2 protein chains.
Amino acid sequence: MTNSGEYVRGFTNYIILSILGNFDSYGYEMTKIIDSVSKQNIQLTEAALYTALKRMLAEEKIASYSGKNKKGMNRRYYRITPKGKRELKSFRKDWVMIENTLSSLVGGDFKYIREN
Amino acid sequence: MTNSGEYVRGFTNYIILSILGNFDSYGYEMTKIIDSVSKQNIQLTEAALYTALKRMLAEEKIASYSGKNKKGMNRRYYRITPKGKRELKSFRKDWVMIENTLSSLVGGDFKYIREN
DNA sequence: TCATGTATAATATAAGCAGGTTATGCATAA
DNA sequence: TTATGCATAACCTGCTTATATTATACATGA
């Protein structure tokens, strides 16, 4: 699929918040999750993800703490903050509308009464 | 809704192609269509629209011709080209997947088997 | 009647910014 | 050398904000 990354723009934050709404996670795992869920039709590169995480940390929508894997390698875990939870909740309410609207528009099945 | 313009990014081209897939139209009318269909939950400003139209003209996804109007400036009509039609058709096939994937991700209802 | 203001219709572009892409680098472990 | 894991710089695209111009209709007041 061409340009698949462009579709995610505007949704990146909410994808991250959604994952962290389910369980604490770390960058590398989140890319794997998105890869596995999206099966190539949506793309969120590591560069995009890590900059998003940094951004959201600064905005205090997420917090982070360090952990290790079994082999002893470092991981940086992220968890959602109350602020992040509020934002996610609010977005999910809007999402239904956004989805329907986008569907109507790109599907071409909208009604519009033309003048003159 | 905050930042509603950001959601459209990546879909702008296909929204325009979809409208022109239904009937020839002009910039001002297209903004009215999008406003009326989206009812404030998606936004495509005139500036964004006109730059998109220019871009798509250059890429030959759409073509244009001038029309007259009783009131106000002359209208510039746009129609979809064969190239644009192909792109729209191809996108609509992908859209189902994109929609499902986005829904799973932002809805948090995805399955992922975590390793240790 | 003329001038002025304002609302609507319609198109267009410049400057700036946000965030994604491409590319690259580094460390550890199997 | 492949997988795990994090991170950043430079670049590019496209949206936002702001502004300008053309054109008609209509109201209002001098």
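Chain naming here is simple, since letters A, B, ... match the order of the sequence lines and numbering starts at 1 in each. None of the values given here were measured: they were computed from a predicted structure. Only this structure's heavy atoms are used, side chains among them; waters, hydrogens and symmetry mates stay out.
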What integer distance in Å separates [X]:[atom1] from [N]:[atom2]?
| X | N | atom1 | atom2 | value |
| --- | --- | --- | --- | --- |
| A:Glu46 | D:dC6 | CD | C1' | 8 Å |
| A:Asn69 | C:dA29 | CG | P | 9 Å |
| B:Ile34 | D:dC15 | CD1 | P | 11 Å |
| B:Leu44 | D:dG14 | CG | P | 13 Å |
| A:Tyr65 | D:dC6 | OH | C1' | 17 Å |
| A:Lys32 | D:dC6 | NZ | C1' | 13 Å |
| B:Lys70 | D:dC26 | NZ | P | 13 Å |
| B:Met30 | C:dA9 | CE | C1' | 15 Å |

Less than 4.0 angstrom between a side-chain N/O of [X] and OP1 or OP2 of [N], yes or no?
| X | N | value |
| --- | --- | --- |
| A:Tyr28 | D:dT4 | yes |
| A:Tyr50 | D:dT8 | no |
| A:Tyr26 | D:dC6 | no |
| A:Arg76 | D:dT4 | no |
| A:Arg55 | C:dG19 | yes |

Which nucleotide in [options] has an atom nearest any side-chain atom of [X]:
| X | options | result |
| --- | --- | --- |
| A:Thr51 | D:dT8, D:dT4, C:dA12 | D:dT8 |
| A:Ala48 | C:dA9, C:dA29, C:dT21 | C:dT21 |
| B:Thr45 | C:dT13, D:dT16, D:dG5 | D:dT16 |

Exercise. Which comes earlier along DNA chain C counting from the 5' end, the contact point of A:Gly72 or that of A:Gly10, where each point is its nearest nucleotide?
Worked result: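 Counting from the 5' end, the first nearest nucleotide belongs to A:Gly10.
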Problem set entry | Whether A:Phe11 and A:Phe91 hold their rings parallel, tilted or perpendicular, with breakpoints at 30° and 60° |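 Perpendicular.
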For this session: Fit a plane to each ring of B:Tyr77 and B:Tyr26, take the angle between them on a 0 to 90° scale, and name the class: parallel (under 30°), tilted (30 to 60°) or perpendicular (over 60°).
Result: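 It falls in the perpendicular class, over 60°.
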Exercise. Does the side chain of A:Ile80 reach to within under 4.5 Å of the side chain of A:Lys61, using non-hydrogen atoms?
Worked result: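 Not touching, per the 4.5 Å side-chain cut-off.
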For this session: State yes or no: do B:Phe23 and B:Leu49 share one hydrophobic cluster built from I, L, V, M, F, W and Y residues joined by side-chain heavy-atom distances below 4.5 Å, directly or via other members?
Result: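 Yes.
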For this session: Please say whether more than 12 non-hydrogen atoms of neighbouring residues, nucleotides or ligands are located less than 6.0 Å from CD in B:Glu60.
Result: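 Counting neighbours around CD of B:Glu60, 12 or fewer heavy atoms of other residues, nucleotides or ligands fall under 6.0 Å, so no.
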Exercise. Start at the 5' end of DNA chain D and walk down; is the nucleotide closest to B:Asn13 or to A:Ala47 reached first?
Worked result: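 It is A:Ala47, whose closest nucleotide lies nearer the 5' terminus.
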Exercise. When all nucleic acid strands are considered with a 4.0 Å heavy-atom cut-off, which category describes A:Lys71: base, sugar-phosphate, or nothing?
Worked result: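 Sugar-phosphate contact only - A:Lys71 comes under 4.0 Å of backbone atoms but never of a base.
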For this session: Remember a base hit wins even if backbone is also touched, and classify A:Glu29 as base, sugar-phosphate or nothing at under 4.0 Å, heavy atoms.
Result: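 No contact.
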Exercise. For the side chain of A:Arg9 and the base of C:dA18, is some donor closer than 3.5 Å to an acceptor across the two?
Worked result: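 In this structure, the two groups form a donor-acceptor pair.
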Problem set entry | Residues B:Ser66 and B:Asn74: side-chain donor-acceptor under 3.5 angstrom |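 No, B:Asn74 and B:Ser66 have no side-chain donor paired with an acceptor closer than 3.5 Å.
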